[in-house]
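Note that this is a predicted model, so its numbers are computed, not measured. Numbering of ligands and ligand atoms starts at 1, following listing order.
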Amino acid sequence: QGKHSGKHVIRFFDSNTDHHLEDQSRAAQLVREALDNGYLTTLYQPIVSLAEQRVVGFEALARLHHPIYGEIPPTRFIPAAEQSGLIRELTSTLLEIACTDALTWPEHLYLSFNLSALDLQDPDLPERLLAILAKVGFAPARLEVEVTETAIVKDIPLARKHFDALRAVGVLIAIDDFGTGYSSLAQISRFSFDKLKIDREFVSSVCESEKSGKIVRSMIHLSHGLDMPAIAEGIENIDQLDWLNRAGCHYGQGYYFSRAVSAEAVQALLNEAPAGIRAALPAPVARH
Ligand code: C2E
Ligand code: MG
Ligand code: MG
Ligand code: MG
């Protein structure tokens, strides 16, 4: 009992505890256990073209369901895997799951996959990812990888080398959580990204805060100027959608359209509304 009792769940993941090191090794054990026993899955959140409200792809979002501890969020187990040297194996496992699921989707839909900061520091990253795609039979041109600013700055030359190798075979690179990391503008001037994901933090207050509105408008303007379509994260209501549409934002995702759903539910979501999720949504907002 004790060690696996429900009480530990709280302490186990409390980063402010005195038992930080103990927690860390427990977290590592848990990731190890999840990898060995297949407790990992990925859910998929649709990415929608805002003008037509059609699904263009899905972002894979990792989930860990533990039989004793229950659902453990990726914001907990990804750092645990990073700290315990298991992130490589975790990323590879998740990518294989996601590509296998995505194989069953209509061919025009892409898969967007989050990379960890440590993945970018792996000298063999492109080879490792491409080997998984080849094994599954998933076309590199249907894959987009999401990286954060914070991840890139750890080793800029290596990141550039990886992006070049991946883009050479058709993989697209998106900068995730744009605006929240380190020196956002420096990063987009150093690299060519294919997409820019505007962080939810900015999107959520776009209708209430004039300042947020101005910032998001500038980001969209920047994305147009640099030929790097913007994806707004965390669209939760029609007012935000309307605002973003009028500001000329190309793509978006968020609870307004759909939460992340299981692989099985992806099929249902696409089947119920053959033209993406358009049928399930209000008519598109006219551009002003
Ligand atoms: P992210 O890549 O920025 O993913 C967006 C997060 O926002 C997801 O949380 C998603 O479920 C949530 N979200 C989407 N729409 C809305 C909305 O309208 N409102 C609100 N409040 N939230 C929304 P999730 O799934 O908990 O993932 C959190 C983070 O964990 C991700 O942030 C990403 O950094 C990381 N992550 C998830 N899956 C993976 C993975 O397979 N590999 C790696 N390395 N990181 C992952
Ligand atoms: Mg992401
Ligand atoms: Mg994001
Ligand atoms: Mg975010």
Any nitrogen or oxygen of [X] lying under 3.5 Å from a nitrogen or oxygen in ligand 1? Just yes or no.
X: Asp119; result: no
X: Ile78; result: no
X: Thr75; result: no
X: Tyr255; result: yes

Contacting atoms of ligand 1, where contact means under 4.0 angstrom from a heavy atom of [X]:
X: Gly234; value: 16 (C), 17 (C), 18 (O)
X: Leu61; value: 4 (O), 8 (C), 10 (C), 11 (O), 25 (O), 37 (C), 38 (N)
X: Gln45; value: 14 (C), 15 (N)
X: Ser116; value: 44 (N)
X: Gly254; value: 15 (N), 18 (O)
X: Glu236; value: 17 (C), 18 (O), 19 (N), 20 (C), 21 (N)

> Passes side-chain contact (heavy atoms from CB on, under 4.5 Å), Leu244 versus Ile198? Steps please.
Replying inline: CA-CA 11 Å; Leu244 289 159; Ile198 302 173; 5.6 Å; no

Could you tell me whether [X] and [Y] make a salt bridge, using a distance below 4.0 angstrom between a side-chain N and a carboxylate O?
X: Arg63; Y: Glu71; answer: no
X: Glu146; Y: Lys195; answer: no
X: Glu107; Y: Arg142; answer: no
X: Lys197; Y: Asp177; answer: no

Structural part of [X] in contact with ligand 1, heavy atom criterion under 4.0 angstrom:
X: Leu94; answer: side chain
X: Arg200; answer: side chain
X: Asp176; answer: side chain

> Are Leu86 and Leu129 connected in a single hydrophobic cluster, I mean Ile/Leu/Val/Met/Phe/Trp/Tyr linked by side-chain heavy atoms less than 4.5 Å apart?
Replying inline: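 Yes: a chain of side-chain contacts under 4.5 Å links Leu129 to Leu86.
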
> Does Arg167 make a cation-pi contact with Phe163, if we ask for NZ or CZ under 6.0 Å from the ring centre and within 45° of the axis?
Replying inline: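 The answer is no; the distance or angle limit is not met.
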
Say whether [X] and ligand 1 are in contact under the criterion: heavy-atom distance to a ligand atom below 4.0 Å.
X: Glu233; value: yes
X: Glu59; value: yes
X: Lys197; value: no

> Do the rings of Trp105 and Tyr44 sit parallel, tilted or perpendicular, given the 30° and 60° boundaries?
Replying inline: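 Trp105 and Tyr44: perpendicular rings.
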
> Within less than 2.8 Å of the Mg ion (ligand 2), how many protein N/O/S atoms are there?
Replying inline: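 Every protein N, O or S atom under 2.8 Å from the Mg ion (ligand 2) counted, the figure is 4.
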
> Out of Ala81, Pro74, Pro79, who gets a non-hydrogen atom closest to atom 37 (C) of ligand 1?
Replying inline: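 Among Ala81, Pro74, Pro79, the closest heavy atom to atom 37 (C) of ligand 1 comes from Pro74.
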
Verify whether one side chain among [X] and [Y] offers a donor that lies under 3.5 Å from an acceptor in the other.
X: Glu236; Y: Ser204; value: no
X: Ser49; Y: Glu52; value: yes
X: Gln45; Y: Gln253; value: yes

>> Does anything in residues 148-163 form a side chain to side chain donor-acceptor pair (under 3.5 Å)? List the pairs, not counting sequence neighbours.
In response: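 Qualifying pairs: Glu149-Ser184.
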
> Of all residues at least two apart in sequence or in a different chain, which pass the side chain to side chain donor-acceptor pair (under 3.5 Å) check with Ser92?
Replying inline: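 Here the qualifying residues are Arg128.
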
> How would you list, by chain and number, every residue that makes a ring pair (Phe, Tyr, Trp, His ring centres under 6.0 Å) with Phe113, sequence neighbours excluded?
Replying inline: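 For Phe113, no residue satisfies ring pair (Phe, Tyr, Trp, His ring centres under 6.0 Å) once neighbours in sequence are set aside.
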
